[in-house]
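Remarks on the structure that follows.
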Amino acid sequence: MEVQDQESLGRWDGLGSRDASSRTEAMENICQEVLRKAEAIGPIPTSPPSSLASGSPPNSDLNDILAHLLMLSRRCPFEDVKKSCIRLLQTVQDLGVRIPRPLGNGPSRFIPEKEILQVSKVDTRTQSIFEDAFAALGRLDNISLVMGFHPQYLESFLRTQHYLLQMDGPLPLHYRHYIGIMAAARHQCSYLVNLHVNDFLQVGGDLKWLNGLDEAPQKLQQLGELNKILAHRPWLLTKEHIERFLKAEEHSWSLAELIHAVVLLTHYHSLASFTFGCGIMPEIHCDGGHTFRPPSLSQYCVCDIANGNSHATHHDNLFGNQEVNGEVEVLMERMKQLQECRDDEEASQEEMATRFEREKTESMLVVTAEEEECVPSRDISRHFEDPSYGYKDFSRRGEHVPTFRVQDYSWEDHGFSLVNRLYPDVGQMLDEKFQMAYNLTYNTMATHKDVDTSMLRRAIWNYIHCMFGIRYDDYDYGEINQLLDRSFKIYIKTMVCSPEKTTKRMYESFWRQFQHSEKVHVNLLLMEARMQAELLYALRAITRYMT
Ligand SMILES: CC(C)C[C@H](N)C(=O)O
């Protein structure tokens with residue numbers, strides 16, 4: 001693998017104890033509380049009260065605990081805790097209390113559960129990363145489970161996220177989660193909104209703020225505009241925007257606070273892309289992740305009943321895969337040819353610039369399909385004003401995206417050192433994470449081994465930057481059209497620009513012969529490239545303000 005020596009990166013600090021016994025004790029306390037509550041309910045009704053018909057039984061405290069126990073019984077990486085949760089649920093059920101069951105099959109709507117869980121079971125390294133993540137947050141979320149396909153990356157991701165959210169830093173803890181909510185809400189990502197609403201309340205956040213940005217402090221309200229621009233048109237950020245933050249008479253921001261906020265915003269915009277891009281399911285203990293209703297036959301797909309399938313991939317066959325045979329080989333052949341031509345033909349600077357401009361303009365015109373509207377499970381629009389301000393508003397009009405030349409402002413030479421100066425360890429962590437995503441390879445292409453995939457991975461990364469107007473003058477953008485086909489571009493464009501519109505069909509229709517782990521790998525590239533692009537614009541504006 002081309003990645004850095006993982007051991008040298010070390011484990012992240014301050015993650016709490018990995019010793020399971022203290023956790024078990026805490027679990028036992030919860031268990032006893034649940035039992036006490038369960039007994040207090042008294043005789044259990046044989047026919048469900050009307051509130052059950054809507055899927056939510058009356059005692060919501062108890063329900064929360066039961067939902068939590070259910071989550072732990074499925075997701076806790078410590079076997080002993082997991083077992084005691086299962087036992088406890090059983091006991092509660094024996095008392096006649098209805099216990100919840102998970103909705104859906106596993107962490108992703110797109111990837112069969114069996115494939116994801118297999119990975120976490122066999123690999124001891126992944127197992128220990130999962131344990132650390134659990135110890136830090138008291139949960140192992142679906143995002144981490146899916147990223148578990150790529151443990152080196154996951155480790156770097158979690159270390160950064162943990163640092164941004166929980167370690168010493170310029171912004172107070174509840175602000176951090178609130179900013180996460182604002183950023184996720186920009187993309188209607190109820191999955192991330194729900195997670196951070198819980199965290200926000202847990203660190204003492206004020207319930208009132210959740211009614212909308214206008215009920216949050218002035219200081220956070222100021223971020224609304226930045227959130228919007230960064231998420232949809234980062235090239236419009238100017239030093240005047242930055243100035244408004246730093247020079248505000250009241251509620252002004254320090255540079256360090258602003259950098260912290262910018263990193264959080266970009267982190268959650270791109271994580272929303274990953275969430276939709278991989279079809280991440282609601283967490284078991286959150287809204288939409290479980291139900292108290294008994295299973296009803298009508299909810300099953302007939303094919304499931306007929307063939308005992310518990311996941312949805314059998315629908316794949318309906319598309320027929322005749323025409324995709326050989327897709328990988330064709331792509332590999334193209335890579336080989338490009339490699340050969342690279343050596344004997346050099347295009348002029350003008351020609352290279354034209355190729356970039358052409359690709360940039362074309363990328364604006366790739367349409368993201370809109371047939372399947374997504375329904376957010378919680379009313380999150382209240383978290384941000386002006387919900388109409390999205391990518392489509394200007395892409396339809398064919399807005400001109402100015403060109404940003406990396407030789408004038410790059411992450412390596414400029415952005416990195418600015419972040420490092422103002423929020424030291426984070427610069428380092430982001431840098432490691434970017435490199436990890438960019439360099440990660442297993443030298444495979446579907447079933448083929450020992451393939452150098454750097455050309456393909458670079459094309460993906462540069463295509464995303466190209467959509468944001470960012471140009472590398474040593475890259476021949478002609479390669480992109482050779483390597484990325486239409487359905488792949490549609491997926492990329494949707495996932496990066498309007499992630500909430502990503503559909504299962506889009507996920508299935510690109511790279512049909514590739515493994516799910518490779519599609520997740522693609523998502524990591526997309527997510528990190530997007531984050532870096534947004535950051536570059538924000539940091540450039542900050543630098544311009546400072547000089
Ligand atoms: C995204 C994929 C093309 C990655 C490829 N499987 C590799 O290991 O490099």
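Whatever order the structure lists ligands and atoms in, that order sets their numbers, starting from 1.
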**Message:** Under 4.0 Å from a heavy atom of H521: which atoms of ligand 1 are those, numbered in the order shown and with their elements?
**Reply:** 1 (C), 4 (C)

**Request:** Using modelled atom types only, decide if a donor and an acceptor are shared between the side chain of Y409 and the backbone of L539 within a distance under 3.5 Å.
**Result:** yes

**Prompt:** What atoms of ligand 1 come within less than 4.0 Å of a heavy atom belonging to T441?
**Reply:** 7 (C), 8 (O), 9 (O)

**Item:** Face-on cation placement of K519 at F514 ring, 6.0 Å and 45° thresholds
**Value:** no

**Prompt:** Are D431 and N420 side-chain neighbours, meaning at least one heavy-atom pair lies under 4.5 Å?
**Reply:** no

**Message:** Looking only at protein heavy atoms, which one is nearest to atom 8 (O) of ligand 1, and what is the separation?
**Reply:** Y442 N, 2.6 Å

**Item:** Y153 and its side-chain hydrogen bond (donor to acceptor under 3.5 Å, both in side chains) partner, picked from E528, H521, K433
**Value:** E528

**Message:** Only heavy atoms of E518, strictly under 4.0 Å: list the atoms of ligand 1 that pass.
**Reply:** 1 (C), 5 (C), 6 (N)

**Request:** Identify the protein heavy atom lying closest to atom 2 (C) of ligand 1, giving its residue, its atom name and the separation to 0.1 Å.
**Result:** W511 CZ3, 4.1 Å

**Request:** May I ask you to decide if A446's main-chain N or O and E518's side chain share a donor-acceptor pair within less than 3.5 Å?
**Result:** yes

**Message:** Considering non-hydrogen atoms of the protein only, which is the closest contact for atom 5 (C) of ligand 1, and what is the distance?
**Reply:** T444 O, 3.0 Å

**Request:** Look only at the side chain of R139 and the backbone of F134, and say whether a donor-acceptor pair between them is shorter than 3.5 Å.
**Result:** no

**Message:** Any atom of ligand 1 sitting under 4.0 Å from a heavy atom of R457?
**Reply:** yes

**Fill in**
Ranking L524, T453, V520 by closest non-hydrogen atom to atom 9 (O) of ligand 1, top hit is T453

**Message:** Quick check against the 3.5 Å criterion: does R176 have a side-chain atom that pairs as donor or acceptor with the backbone of L165?
**Reply:** yes

**Prompt:** Given that the side chain starts at C-beta and the backbone is N, CA, C, O, which of these parts of N443 lies under 4.0 Å from ligand 1, counting heavy atoms, or is it both or neither?
**Reply:** backbone

